[in-house]
Amino acid sequence: MELHQIIKKILITEKSNMDREAANKYHFEVNRKANKVEIGNAVEKLFKVKVADVRVLHVLGKKKRTGKVTGQKSSWKKAIVTLAAGSRIEIAEGV
């Protein structure tokens, strides 16, 4: 799998901003088939930083209803990447 296919996008939320400032952790939406090693390597190569730890969780899609029709959003995978001390991802700073 190619690097740009592993990391889909960086997540910018209140919680991710607090994690970034307090513990140097960044949140990403990643490919559902990617594992921790692939995610860590992709972040290191794409952003040129040193990764200390990777945590992965599956986010289940929410059920949505429009009138009589009930559907479900797609499930997705989230990665919380802790960077080594002194490393930063400049794209996420100041957003």
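- A donor-acceptor pair under 3.5 Å is absent between the side-chain atoms of R20 and the main chain of A22, judged by distance alone.
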### Query
Does the pair M1 and K33 meet the rule for a side chain to side chain contact (heavy atoms under 4.5 Å, CB included), with working shown?
CA-CA 9 Å; M1 205 177 319; K33 295 181 181 178; 4.0 Å; yes
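- Contacts of N41 classified as side-chain hydrogen bond (donor to acceptor under 3.5 Å, both in side chains), with partners at least two apart in sequence or in another chain: none.
- For the pair Y26/I80, no side-chain contact is recorded, criterion being any heavy-atom separation below 4.5 Å from C-beta on.
- Side-chain atoms of E44 come within 3.5 Å of backbone atoms of V51 as a donor-acceptor pair (strictly under, hydrogens ignored).
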### Task
Go through V81 and F28 one step at a time and tell me if the side chain to side chain contact (heavy atoms under 4.5 Å, CB included) criterion holds.
CA-CA 8 Å; V81 178; F28 297 95; 3.8 Å; yes
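- Side-chain contact between K73 and K64 is present, with at least one heavy-atom pair separated by less than 4.5 Å.
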### Query
Run the side chain to side chain contact (heavy atoms under 4.5 Å, CB included) check on L11 and K9 step by step: do they pass?
CA-CA 6 Å; L11 299 175; K9 64 181 177 180; 4.1 Å; yes
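- E2 contributes atom CD, which lies 13.5 Å from atom CD1 of I7 (distance to the nearest 0.5 angstrom).
- Every residue two or more places apart in sequence or in another chain was checked for a side-chain hydrogen bond (donor to acceptor under 3.5 Å, both in side chains) with R32, and none qualifies.
- With rounding to the nearest 0.5 angstrom, the CZ atom of R88 is 7.0 Å from the CG atom of N24.
- Under the rule for a salt bridge (Lys or Arg N to Asp or Glu O under 4.0 Å), K63 has no partner lying at least two apart in sequence or in another chain.
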